[in-house]
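To start, the structure itself, in structure tokens.
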Amino acid sequence: MFSKVLVANRGEIAVRVIRALDEMGIASVAVYSEADRDAQHVRRAGEAYLLGPGPAAESYLNVDKLVEVIEAAGADAVHPGYGFLAENAAFAQRLEEAGITFIGPPASAIEAMGSKTRARELMRGAGVPIVPGTTEPVESVEDARGIAEEIGYPIAVKAAGGGGGKGFRVALEPDKLQEAFEGAAREGEKFFSDATVYLERYLPDPRHVEVQVLADKHGNVVHLGERDCSLQRRHQKLIEESPAPLVDAELRARIGAIATEAATAVGYHSAGTIEGLLQDGEYFFLEMNTRVQVEHCVTEETTGVDIVREQIRIAAGEELAFTQEDVRWHGHAIECRINAEDAAKNFAPAPGTITHYREPSGPGVRVDSGVLTGSEITPLYDPMVAKLIVWDADRERATRRMLRALEEFEIEGVRTLIPFHKAIMASEQWARGETCRDLIEDRDWLKRLAQPKPEPPAEDAAETVERTYAVEVSGRRFDVKVIGEAPAANGAGPAAAAGRPAPRRERKAASGGGGGGDVLASPLQGNVFKVLVEKGAQVEAGALICIIEAMKMENEITAHKAGTIEELPISEGAAVASGDTLAVIK
Ligand code: MV4
């Protein structure tokens, strides 16, 4: 078994993986961006390393930096979570070459399933039913016309590099084919640098039903049953449940067999999901997700299998500890995605600071989240704040339990989908097991979910004498507890000016990177908020030199040595880059 695993992700899924590692007695390593210094996944891990600035391209997607950290930390495996690098075959390959285990499928399976046309071709070859249509790319609108006549209208045009609905257009009649074709190609080019498209018959009213599979490296493959994820908006899943309302034991066995055959056909190992459409009792393969999914939890609740733990065991070369016959399903689980979005405003993202946060609990309630009071929901990443999962004996009771848990959930400071989920859970459409598409598109109904304007963050009322500072030494993060008198106000920051201490989370000590010389370099990019010394002044080591504001946080920069300020090339309001000289102290 691994001794140390790096979690190449953030938010709730990083916390979820760290929990599994803790339970397995495996050391965990978190990575984070400058926007996530205070994040829960950072605090929960055994050790944590800074990757870079907030934008994902410079942090969570920075493969060179990640590999550097993996080596510095001495991790022997990497769990990618979902999103970011989870389905990046080149990343999996690179780790493999470096002798680091990727906790996921082989790079070849990621690659095969990444191309939707190749996946369809493979699946058809393996005898897996696919939605009728092409398995070859369709070169031109002219070609598409002929093929569409054979398949029959309506036609779905999909981007080969797509998945999850990106690059998906529908042509209800021949007149609309060119527009659909060009739209799908354009979106494919934009998101996946691949304008290739293929055609499928458009199914008018299917259910989105997906099957969870687990495969080990010894040829054992099992399925853990299905999830219904039909309640989506613009291809973003909002509510998932297991079992699916329209799937009985016989159908479960049938689509389960399809899913395990599909996994076997691509030489799969790890956890994976076969996504499909269920229409009138017929099941069609759509695509395979070669990662652990957001909604894996509902399957964990109904089967009792810890999917993340199994992923880790499989990656370490262990055999599945159970067979298909051992898998038993109990009761009903529902998951609501608690996004920082405003359903009344077209599901607009609602970033901000969570000023108050209290999770529901009690029987059958599970919350997977990566936030606390004070956490910031930044527009840089996915707006999902938490996942609320409930379990109960049957669908009706699980629905009531979900309503109770939603009622208990307290989140202030940002608007969330809690009112939306309450309304759906209380609706007749949900009770009847319908997809609720009518509700999601009913603007008047959604408008009634309007929430009050969030309060601005409140500042801490009392001074504390014990403070925890985050320090980064050569990029590795340590939490340092400082006990004693609170730092003097110094006129530093608006809160201090108002005669109150600044809220804890806004005051972060950052040591200037001096490298032992005279130059005090900026450890981060930001704006000079305040300069607290003058040229020529004598300072002690540790004296406050300036405050740099970055990512809405105030960072106190202190002298790296005692001496005279010889140069001070900064002024209040000026922008500084990481590494810029803030002062020269001789
Ligand atoms: C389809 C479809 C109808 N016909 N493909 C693709 C991505 C995923 N988000 C849903 N996708 C669909 N693919 C064909 N050939 C309809 C959908 C679809 C859907 C399916 C079931 C339940 C809800 C849905 C919401 C939007 C799109």
Side-chain angles (χ1 to χ4, degrees), residues 205-213 222-232 237-256 259 273-281 283 293-307 322 324-338 359-368 386-409 417-440:
D205 194 25
R207 306 286 302 209
H208 177 123
V209 174
E210 59 187 30
V211 181
Q212 178 72 55
V213 296
V222 298
H223 74 86
L224 299 179
E226 80 291 351
R227 297 183 282 260
D228 189 309
C229 312
S230 299
L231 209 143
Q232 320 180 346
K237 295 169 185 167
L238 296 170
I239 301 174
E240 301 98 343
E241 62 182 316
S242 186
L246 297 180
V247 175
D248 59 14
E250 191 209 315
L251 186 53
R252 178 167 308 115
R254 190 149 62 78
I255 65 178
T273 303
I274 303 298
E275 286 199 344
L277 297 179
L278 185 66
Q279 169 110 31
D280 307 321
Y283 192 68
Q293 287 188 283
V294 174
E295 61 270 26
H296 73 280
C297 311
V298 293
T299 303
E300 292 187 324
E301 295 307 310
T302 53
T303 61
V305 174
D306 182 330
I307 293 168
F322 55 90
Q324 190 64 61
E325 288 66 48
D326 297 327
V327 179
R328 292 277 183 281
W329 290 275
H330 298 278
H332 200 100
I334 305 171
E335 171 178 282
C336 287
R337 297 193 188 188
I338 312 297
E359 290 178 350
S361 57
V365 175
R366 165 177 173 180
V367 181
D368 277 23
K387 302 186 303 201
L388 172 55
I389 304 112
V390 301
W391 181 92
D392 210 330
D394 57 39
R395 191 172 191 269
E396 197 188 323
R397 282 173 58 178
T399 298
R400 289 188 208 201
R401 182 161 273 174
M402 180 60 86
L403 274 165
R404 184 269 290 174
L406 285 164
E407 202 60 53
E408 271 182 32
F409 214 149
L417 293 186
I418 289 174
F420 168 81
H421 288 305
K422 282 184 187 167
I424 292 281
M425 287 294 130
S427 72
E428 282 172 32
Q429 287 91 329
W430 172 265
R432 288 197 296 260
E434 293 170 8
T435 55
C436 303
R437 242 171 276 179
D438 52 337
L439 294 181
I440 300 170

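The figures that follow rest on heavy atoms only: side chains count, while hydrogens, waters and symmetry mates do not.
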Under 4.0 Å between a side-chain nitrogen and a carboxylate oxygen: does that hold for Glu301 and Lys387? no

Atom pair CD (Glu295) and OG (Ser242), whose distance is rounded to the nearest 0.5 Å: 10.5 Å

If you measure from OG on Ser361 to CD on Glu408, what distance do you get to the nearest 0.5 Å? 5.5 Å

Closest non-hydrogen atoms of Cys297 and Arg366, given as atom of the first, atom of the second and distance, are SG-NH2, 3.5 Å

side-chain contact (heavy atoms from CB on, under 4.5 Å) between Thr299 and Val305, worked out: CA-CA 8 Å; Thr299 303; Val305 174; over 6 Å; no

Pick one: which of Glu240, Glu241, Gln212 meets side-chain hydrogen bond (donor to acceptor under 3.5 Å, both in side chains) with Arg227? Gln212

Between NE2 on residue His296 and CD on residue Glu335, distance to nearest 0.5 Å: 8.5 Å

Using the side chain to side chain contact (heavy atoms under 4.5 Å, CB included) definition, which of the options Thr435, Leu439, Ile424 pairs with Leu231? Ile424

Atom NE2 of His208 and atom CD of Gln232: how far apart are they, to the nearest 0.5 Å? 6.0 Å

Looking at Val213 and Ala259, what are the two nearest heavy atoms and their distance? CG1-CB, 3.7 Å

Dump the intermediate steps for side-chain contact (heavy atoms from CB on, under 4.5 Å) on His421 and Ile338, then the final yes or no. CA-CA 8 Å; His421 288 305; Ile338 312 297; 4.0 Å; yes

Would you please test Leu388 and Val365 for side-chain contact (heavy atoms from CB on, under 4.5 Å) and show each step? CA-CA 7 Å; Leu388 172 55; Val365 175; 3.8 Å; yes

Please answer whether the main-chain N or O of Glu325 pairs with a side-chain N or O of Arg328 as donor and acceptor at a distance below 3.5 Å. yes

Just by modelled atom types, is the Pro363 backbone N or O under 3.5 Å from a matching donor or acceptor in the Arg401 side chain? yes

Would a 4.5 Å heavy-atom cut-off, applied to side chains only, mark Cys336 and Leu417 as touching? no

CA sep, side-chain torsions, deciding dist, call: Asp306, Glu300, side-chain contact (heavy atoms from CB on, under 4.5 Å): CA-CA 6 Å; Asp306 182 330; Glu300 292 187 324; 3.7 Å; yes

Check for a donor-acceptor pair, side chain of Trp391 on one end and backbone N or O of His330 on the other, with a separation under 3.5 Å. yes

Can you see which heavy atom on Cys436 is nearest to which on Ser427, and at what distance? SG-OG, 4.4 Å

Between Ile334 and Arg395, which heavy-atom pair has the shortest distance, and what is it? CD1-O, 4.4 Å

All heavy atoms of Ala386 vs all of Val367, minimum pair found to be CB-CG1, 4.2 Å

How long is the span from the CD atom in Glu250 to the CZ atom in Arg254, to the nearest 0.5 Å? 6.5 Å

Charged N to carboxylate O under 4.0 angstrom, Arg207 versus Glu226? no

Just wondering, more than 12 heavy atoms not from Glu396 lying within 6.0 Å of its CD? no

Check whether any side-chain N or O of Tyr283 sits under 3.5 Å from a backbone N or O of Leu251 as a donor-acceptor pair, and report yes or no. no

Could you report the tightest heavy-atom contact between Val247 and Arg252, atom names first, then the distance? O-NH2, 3.4 Å

CD1 of Ile239 to CD1 of Ile440: how many Å apart, nearest 0.5 Å? 7.5 Å

Side chains of Thr273 and Gln293: do they bring a donor and an acceptor to under 3.5 Å? yes

